[in-house]
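Reminder, nothing fancy here: chain letters follow the sequence lines and each chain counts from 1.
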There are 2 protein chains.
Amino acid sequence: MTLHDEGPVGADALDRVTWALRRAELAVTALKEQRLRSLGMAAAHYSLLIAVHVDPGLAGAELARRLNVTPQAVASLVARLEGRGQLERRPHPRHRHVQELHLTDAGRDALRKADSVIAEIEQQITEKLDTKSSSQLKALLDQVTDAIQQVQPADPLNRPVTLRKDGTPG
Amino acid sequence: MTLHDEGPVGADALDRVTWALRRAELAVTALKEQRLRSLGMAAAHYSLLIAVHVDPGLAGAELARRLNVTPQAVASLVARLEGRGQLERRPHPRHRHVQELHLTDAGRDALRKADSVIAEIEQQITEKLDTKSSSQLKALLDQVTDAIQQVQPADPLNRPVTLRKDGTPG
DNA sequence: TGCGTCATGTCAAACGTTTGATGGTTGGCC
DNA sequence: GGCCAACCATCAAACGTTTGACATGACGCA
């Protein structure tokens, strides 16, 4: 027990590593979103485009797993990106009603611009920390991720955990 | 320029620190949510309760700033927690239509239980990394947060950045 | 060949959040 | 005292996401 009998909860609760992690991620995400905004792209769009770029021909369901969202959310994003002409859905050669996702030229162009913005942010961060600390940070973060995955393997159905109004597990 | 002229985007994009950060935070959050679920509490509820516990008498708007959400979102959460009898709204002594937020005994109890779950997760992580690496990770994360805040001070109105359908900045 | 299972994609509905706008209150300043 | 800006809280509406359910197609096995 690292806990306390006096107060209900130690005041050190906001000094935890997981809080520092959350704060940092929140700050980074906010900055990305802001910078990406001038390009007319949301962070979610960028994530999707780059995932498709790295693995062309990806299916929507697989994409959903990688982005940690539901297939419907992916469908929604895909529809929008397709409407903008940045993404393309092709029939899968083998499985008939599976749809392959591919970037269009416009999509590649938008991705390139967006990525340069993201890369700039990355660089600004690795600049503040020196290169050594930066790679060390990444190594530690990966360790955390691995530790979590080890304790709790990722849900293959990728079902986000929610709750009912009354607080009983849904 | 750290970039490449060949491919639209380097394949090293998923090796960035900010991606490692995101993955780690996602994993931690998912685990928290899952563990908290058996207690009938969502992570957002826990965050709100602990914030009110640390600073009793907090106003909704201030709380919204700290949690990085809109006042309406806070109001929604507060209404639910108040409905469960874990949170209490009192009139502000000075400002009339400002509402002070306070924990009830039931709220303190729920918070205590929830925090032990969170503390356990924290401990599992700091166990995998040794204590030294753990405090080092926290220090690096704080550095990242500071670096971001330095580049882009937090929006005092705390307005999340969004986008219109057509991609033009909203 | 026929059956059962699994995975993908899509639809309708509910939920939570953000957005935009409004009314009410406080405090500073002329 | 009176005016104006800033802040808090709240309402209605729009948006995005999750949930639950369903139909379709592919594969393994008897």
Side-chain angles (χ1 to χ4, degrees), chain A residues 26 29-30 33-34 37 41-45 47-48 57-83 87 89-101 155-170, chain B residues 26 29-30 33-34 37 41-45 47-48 57-83 87 89-101 155-170:
Chain A
L26 227 51
T29 294
E33 205 91 40
Q34 178 188 341
R37 192 182 160 189
M41 185 178 295
H45 298 158
S47 300
L48 195 154
L58 222 48
E62 176 61 24
L63 199 45
R65 278 185 286 266
R66 301 200 186 182
L67 299 181
N68 271 289
V69 293
T70 56
Q72 284 80 356
V74 169
S76 172
L77 291 173
V78 165
R80 182 169 300 188
L81 291 171
E82 191 183 19
L87 204 60
R89 288 194 293 185
R90 305 186 198 158
H92 193 289
R94 191 163 183 76
H95 305 275
R96 186 158 319 180
H97 80 122
V98 174
Q99 315 241 1
E100 283 192 344
L101 296 176
D155 187 344
L157 270 108
N158 199 40
R159 174 174 29 197
V161 187
T162 54
L163 229 53
R164 275 196 286 221
K165 275 188 183 176
D166 54 9
T168 61
Chain B
L26 228 52
T29 294
E33 205 92 40
Q34 177 189 341
R37 191 182 161 190
M41 186 179 296
H45 298 158
S47 300
L48 195 154
L58 222 48
E62 176 62 24
L63 199 43
R65 277 186 287 266
R66 301 200 186 183
L67 299 181
N68 272 289
V69 292
T70 57
Q72 285 77 357
V74 168
S76 172
L77 291 173
V78 165
R80 182 169 300 188
L81 290 171
E82 191 182 18
L87 203 61
R89 289 195 291 185
R90 305 184 197 158
H92 192 288
R94 194 166 181 75
H95 305 274
R96 185 158 320 179
H97 79 120
V98 174
Q99 315 243 0
E100 284 191 345
L101 296 176
D155 186 345
L157 272 111
N158 198 40
R159 175 173 29 197
V161 186
T162 53
L163 227 54
R164 276 194 289 222
K165 274 189 182 176
D166 54 8
T168 62

Distance check needed: [N] [atom2] versus [X] [atom1], whole Å only.
X     : N      : atom1 : atom2 : result
A/R37 : C/dT18 : CZ    : P     : 15 Å
A/L67 : D/dT17 : CG    : P     : 11 Å
A/Q99 : D/dT24 : CD    : P     : 16 Å
A/L58 : C/dT8  : CG    : C1'   : 13 Å
B/E82 : D/dA9  : CD    : P     : 13 Å
B/R89 : D/dT10 : CZ    : C1'   : 10 Å
A/N68 : D/dT17 : CG    : P     : 14 Å
B/L48 : C/dG16 : CG    : C1'   : 15 Å

Would you indicate, yes or no, if [N] has its OP1 or OP2 atom less than 4.0 angstrom from a side-chain nitrogen or oxygen of [X]?
X     : N      : value
B/R96 : D/dC8  : no
B/R80 : C/dG16 : yes
B/T70 : C/dT17 : no
A/R65 : C/dT8  : yes

> Looking for any heavy atom pair under 4.0 Å, which part of the strands does B/H95 touch: base, sugar-phosphate only, or nothing?
Replying inline: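 Sugar-phosphate, no base atom in range.
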>> Any base atoms under 4.0 Å from A/E62, or only sugar-phosphate, or nothing? Heavy atoms, all strands.
In response: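 No contact.
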>> Assess whether a salt bridge exists between A/E33 and A/R37, defined as any Lys/Arg side-chain N lying under 4.0 Å from an Asp/Glu carboxylate O.
In response: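 Salt bridge absent between A/E33 and A/R37.
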>> If you apply the rule side chain to side chain contact (heavy atoms under 4.5 Å, CB included), what do you find for A/R89 with A/L101, and how did you get there?
In response: CA-CA 5 Å; A/R89 288 194 293 185; A/L101 296 176; 3.4 Å; yes
>> Using heavy-atom distances to pick each residue's nearest nucleotide on DNA chain D, tell me which of A/H97 and A/V74 is more 5'.
In response: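 Residue closer to the 5' terminus by nearest nucleotide: A/V74.
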> Which sits closer to the 5' end of DNA chain D, A/R94 or A/S76, going by the nucleotide each is nearest to?
Replying inline: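 Result: A/S76.
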>> Taking the side chain as everything from C-beta on, heavy atoms only, tell me whether B/L58 gets closer than 4.5 Å to B/R66.
In response: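 In contact.
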>> Looking at every heavy atom in both B/L87 and B/L48, which two are closest together, and how far apart are they?
In response: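 Scanning both residues, the minimum pair turns out to be CD2-CD2, 3.8 Å.
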>> Has B/S47 got a side-chain atom pairing as donor or acceptor with B/A43's backbone, closer than 3.5 angstrom?
In response: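 Present.
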>> Distance criterion of 3.5 Å, no angle test: do you see the side chain of B/Q72 paired donor-to-acceptor with the base of D/dT10?
In response: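 When only heavy-atom distances are counted, B/Q72 does reach the base of D/dT10 through a donor-acceptor pair under 3.5 Å.
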